[in-house]
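Notes follow once the structure below has been shown.
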Amino acid sequence: IAYAESGVTTWDDERPISFGMPERVNAGILAEVEQGNVGMVLHMGGMSYSYGRSAVWEQWGKLVEPIAESVPYMVTNGNLEYDHLPSVSVTLSQPAAAEKVWYVGMQAPFG
């Protein structure tokens, strides 16, 4: 299974933001894993939508843990997974004609 843009249900002034959709999607993936229909999961960015809140990362980890302990679970960073670094600037550059490879350049102050 390959999917992206998961997140977790978070709350804003007593209202759910995503209305449990991430939890329902992951429950469906887990059901497929338990039936032996899935050999691995590829999560292509948009993991927790934590916006720097470590508790949301913890919530996301608990959400995917039953899947990740059953089959290989590979993740790739999306644009929102860079929120753990202060003042990060991420730019996606078009491929050079000879290389035909997309790449990301990051700049962040360290120290």
Side-chain angles (χ1 to χ4, degrees):
I1 290 180
Y3 76 117
E5 309 305 330
S6 171
V8 294
T9 296
T10 56
W11 296 80
D12 180 28
D13 296 330
E14 308 289 326
R15 300 173 314 185
I17 301 295
S18 60
F19 302 99
M21 186 56 70
E23 291 78 5
R24 290 194 297 267
V25 168
N26 280 325
I29 293 171
L30 182 58
E32 291 294 321
V33 167
E34 289 173 340
Q35 293 172 18
N37 298 330
V38 176
M40 76 166 286
V41 174
L42 173 61
H43 194 150
M44 301 172 291
M47 290 179 272
S48 74
Y49 289 95
S50 69
Y51 300 106
R53 298 171 292 172
S54 59
V56 176
W57 274 112
E58 292 290 330
Q59 184 181 354
W60 179 81
K62 290 181 190 317
L63 181 65
V64 301
E65 185 175 16
I67 301 167
E69 68 184 13
S70 301
V71 295
Y73 193 100
M74 179 178 259
V75 298
T76 61
N77 283 349
N79 62 319
L80 297 175
E81 276 72 57
Y82 293 104
D83 65 356
H84 63 285
L85 299 172
S87 304
V88 172
S89 173
V90 178
T91 56
L92 182 61
S93 301
Q94 292 187 4
E99 296 173 348
K100 296 187 179 175
V101 175
W102 289 86
Y103 63 93
V104 173
M106 289 181 51
Q107 295 177 346
F110 294 99

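Here the structure is a predicted model, which means the values were calculated and not measured.
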Exercise for the section: Could you go through the side chain to side chain contact (heavy atoms under 4.5 Å, CB included) check for Thr9 and Met21 one step at a time? Expected result: CA-CA 7 Å; Thr9 296; Met21 186 56 70; over 6 Å; no
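- Shown are Val8, Val25, Leu30; of these, the side-chain contact (heavy atoms from CB on, under 4.5 Å) with Leu63 is made only by Val8.
- In this structure, Ile1 CD1 and Asn37 CG are separated by 8.5 Å, a value rounded to the nearest 0.5 Å.
- Dense packing is recorded around CE of Met40, with more than 12 heavy atoms of other residues, nucleotides or ligands lying under 6.0 Å away.
- Val38 is connected to Val64 through a chain of hydrophobic side-chain contacts under 4.5 Å among Ile, Leu, Val, Met, Phe, Trp and Tyr, so both are in one cluster.
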Practice task
Would you please test Ser6 and Asn26 for side chain to side chain contact (heavy atoms under 4.5 Å, CB included) and show each step?
Solution key: CA-CA 9 Å; Ser6 171; Asn26 280 325; 3.9 Å; yes
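- Remark: the Ser70 side chain and the Glu34 side chain contain no N/O donor-acceptor pair separated by less than 3.5 Å.
- Residues Tyr73 and His43 approach most closely at OH-ND1, 2.7 Å, considering heavy atoms.
- For Pro22 against Gly7, the heavy-atom pair with the smallest separation is CB-O, 3.1 Å.
- With hydrogens and angles disregarded, no donor-acceptor distance shorter than 3.5 Å links the side chain of Gln59 to the backbone of Ser48.
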Problem - Residues Met44, Tyr3; criterion side chain to side chain contact (heavy atoms under 4.5 Å, CB included); working and verdict - result: CA-CA 6 Å; Met44 301 172 291; Tyr3 76 117; 5.8 Å; no
